[in-house]
> 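Shown below is the structure under consideration.
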Amino acid sequence: MSDEEDDLILADLPDDELVPQMFDDLYDGLREEIEEAVNILLSRGWEPYRILTEALVGGMTIVGKDFRDGILFVPEVLLAANAMKGGMAILKPLLAETGAPRVGKMVIGTVKGDIHDIGKNLVSMMMEGAGFEVVDIGINNAVEKYLDALETEQPDILGMSALLTTTMPYMKVVIDTMAEKGIRDDYIVLVGGAPLNEEFGRAIGADAYCRDAAVAVETAKTFMARKHNQVTHAD
Amino acid sequence: MTSPQDGHTLTELGHPPSQPGASVLVIACGALAREILHIVNQNGWTHLDLTCLPAKLHNRPEQIPAAVEAAVLKHRGAYGKIVVAYGDCGTGGQLAALCKRLEVTMIDAPHCYAFFEGSARFAAHDDEITAFYLTDFLVRQFDAFVWQPLGLDRHPQLRDTYFGHYTKLVYMAQTEDPLLDDIAHECATRLGLAYERRSTGYGDLPSWLGTS
């Protein structure tokens, strides 16, 4: 980074330069700069939802694309996510106050026997960024915990994650139990995790396999749109 | 058979076949080269040859099936039989499907930690979901294989993002080597985990190779 960039004063930038600068700062995982820029945009009268979608999600979309293309790797994505989290922490209470649109609700958790949550956490964050309400039930979830969360939270979507070949079959246990209880079709079931693939998703009876956080968001939006269309049609 | 390459070469490049006239080729992960060569030489199994794919494929498991397939097709004409010394290794069943299609045998285990301890014994540790495993190879190659690919050399603050839910590092030792024990212990300290050493030897690997 040049000295000139080191001396960059975010507050001096007009909006049309500050937002691209936020993309760069997200890309570089600079949490403090993102937090500062979010506060600057708020002080200039930007709606929290606009900051979230145009600046933060816009920046993370670039990160996601470069990750998919093999330009960025996991450590850099985690740093970018951490920076976005800093911005989201400022915006979240304001989003609730300003009545930002809610696209849908998701319960998400890593399956029993698995403690890995990096992918799950990225999905949670990007789903929140896209306007979903996310209830994250954490790691190592037995089927009972998923069912309790579905009953309590009444989400539109259930998301399950697994990193291990040995734990991913547990997703089928959850889906089969939902089917036995007659509630399988009440929810959109999305699955993801490094060893999974589309074929596995189909085989266990999930609605879709999502290979990364960006795909999860797009898939969730598509299913929600279909759900709304069905409701409209029924009316 | 020639002695194994150094750990860096096994991680980045793998190991070429070196036993002309052998009837069986073992296509293995570079992380198993030393151990397989030791077992083969110890038993005088001159009918077995070994080639290894780069061990670093383990950090991109989705690439393992294609690399194994290319190796099988490349060497198929030169050997009477080919076996694949990989477990599932994070391929989500894709490697097993490939081996079935190519009609070659692979190791029936989720990964090398499991067959080094013995798959049945390993599976019995259902209370160990918070354990992070190292083998001799991984202890030797900890920086190249774990620390650097996770970016912890550049961004040590990410350590707890990766390892926050782990509680202990289990070193599954194939050999009795106090130096490796010390290094493994240090790895545990660097990851902020408790340390346990478990002497496994080669586990299920010799018997699997013996039937190949």
Side-chain angles (χ1 to χ4, degrees), chain A residues 28-32 67-68 70 72-83 85 109-122 125 138-142 161-172 191-204 209 211-212, chain B residues 56-65 86-98 106-115 119 122-133 146-168 193:
Chain A
D28 293 335
L30 303 176
R31 182 173 176 140
E32 284 177 17
F67 175 63
R68 202 179 292 166
L72 281 184
F73 297 95
V74 171
E76 288 76 29
V77 174
L78 290 177
L79 291 171
N82 186 47
K85 214 183 281 178
T110 304
V111 296
K112 185 180 173 183
D114 206 321
I115 60 167
H116 301 95
D117 61 358
I118 288 175
K120 169 185 71 63
N121 293 345
L122 283 172
M125 195 181 69
I139 56 171
N140 189 25
N141 287 294
S161 168
L163 183 76
L164 305 175
T165 299
T166 47
T167 57
M168 65 188 212
Y170 195 78
M171 293 175 175
K172 186 171 187 310
V191 295
L196 278 68
N197 54 46
E198 278 189 36
E199 192 186 339
F200 176 80
R202 271 197 301 274
I204 63 168
Y209 153 74
R211 68 176 171 165
D212 59 32
Chain B
K56 70 176 180 184
L57 283 174
H58 266 282
N59 289 334
R60 301 295 301 271
E62 74 279 6
Q63 295 178 0
I64 293 175
Y86 272 90
D88 178 77
C89 300
T91 66
Q94 296 296 302
L95 187 57
L98 171 81
M106 63 177 273
I107 300 176
D108 182 17
H111 38 63
C112 58
Y113 329 125
F115 59 75
S119 292
F122 184 84
H125 296 301
D126 53 5
D127 57 341
E128 274 203 346
I129 64 169
T130 60
F132 181 71
Y133 299 102
V146 179
W147 197 255
Q148 289 161 11
L150 292 179
L152 293 171
D153 52 336
R154 307 179 304 281
H155 312 293
Q157 73 273 27
L158 290 177
R159 185 189 75 172
D160 292 346
T161 305
Y162 293 118
F163 292 97
H165 295 306
Y166 284 93
T167 57
K168 66 176 174 181
L193 303 176

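In what follows, every chain begins at residue 1, and chains take the letters A, B, ... in the order their sequences are listed. When reading the values below, keep in mind they use all heavy atoms of this one structure, side chains included, and skip hydrogens, waters and symmetry mates. Computed from a predicted model, the values in this text were never measured in an experiment.
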> Please give me the minimum heavy-atom distance between Thr130(B) and Ile115(A), naming the atom from each residue.
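Heavy atoms of Thr130(B) and Ile115(A) come nearest at CA-CD1, 3.9 Å.
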> Heavy-atom distances under 4.5 Å only: say whether Asn82(A) touches chain B with side chain, backbone, both or neither.
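Neither part; nothing is under 4.5 Å.
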> Could I get the full list of ring pair (Phe, Tyr, Trp, His ring centres under 6.0 Å) partners for Phe163(B), not counting sequence neighbours?
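Phe132(B), Tyr166(B).
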> Side chain from CB out, backbone as N, CA, C, O: work out which of these in Leu164(A) comes under 4.5 Å of a heavy atom of chain B, or both, or neither.
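Contact with chain B: none, neither part.
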> How close do Pro75(A) and Pro149(B) get, heavy atom to heavy atom, and via which atoms?
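Closest approach of Pro75(A) to Pro149(B), heavy atoms only: CG-O, 3.8 Å.
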> Evaluate whether atom CG of Asp153(B) has more than 12 neighbouring non-hydrogen atoms of other residues, nucleotides or ligands under 6.0 angstrom away.
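Above 12, so yes.
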> Please name the pair of heavy atoms, one in Leu78(A) and one in Thr161(B), separated by the smallest distance, quoted to 0.1 Å.
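Reported closest heavy-atom pair: CD1-CG2, 4.0 Å.
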> More than 12 heavy atoms of other residues, nucleotides or ligands under 6.0 Å from CD of Glu199(A): is that the case?
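Incorrect, the count does not exceed 12.
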> So for Leu150(B), is it side chain, backbone, both, or neither that comes closer than 4.5 Å to the heavy atoms of chain A?
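The answer is the backbone of Leu150(B).
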> For each of Ala162(A), Gly113(A), Gly29(A), tally heavy-atom pairs with chain B at distances under 4.5 Å, and name the one with the top tally.
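The candidate making the most pairs under 4.5 Å is Gly113(A).
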> Counting only non-hydrogen atoms closer than 4.5 Å, does Ile118(A) touch chain B with its backbone (N, CA, C, O), its side chain (CB onward), both, or neither?
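When you check distances to chain B, only side chain atoms of Ile118(A) fall under 4.5 Å.
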> Could you tell me which non-hydrogen atom of Gly90(B) sits nearest to which non-hydrogen atom of Pro195(A), and how far apart they are?
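Minimum heavy-atom separation between Gly90(B) and Pro195(A): O-CB, 3.7 Å.
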> Heavy-atom cut-off 4.5 Å, strictly under: side chain, backbone, both or neither for Thr91(B) against chain A?
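Just the backbone, heavy atoms under 4.5 Å.
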> Which bit of Gln157(B) is near chain A, if near means a heavy-atom gap under 4.5 Å: side chain, backbone, both or neither?
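Just its side chain gets close to chain A.
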> Report all side-chain donor-acceptor pairs from residues 56-64 of chain B shorter than 3.5 Å, counting only partners two or more places apart or in another chain.
from, atom 1, to, atom 2, distance (Å)
Lys56(B), NZ, Glu12(B), OE1, 3.1
Asn59(B), ND2, Phe145(B), O, 3.4
Arg60(B), NE, Glu62(B), OE2, 2.8
Arg60(B), NH2, Glu62(B), OE2, 3.0

> Are any of the side-chain heavy atoms of His165(B) and His116(A) separated by less than 4.5 Å?
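No, every pair of side-chain atoms sits at 4.5 Å or beyond.
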> Other residues, nucleotides and ligands only: do more than 12 of their heavy atoms fall within 6.0 Å of NZ on Lys168(B)?
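Enclosed.
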> Checking heavy atoms, do the side chain of Asp117(A), its backbone, both or neither come under 4.5 Å from chain B?
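Side chain only.
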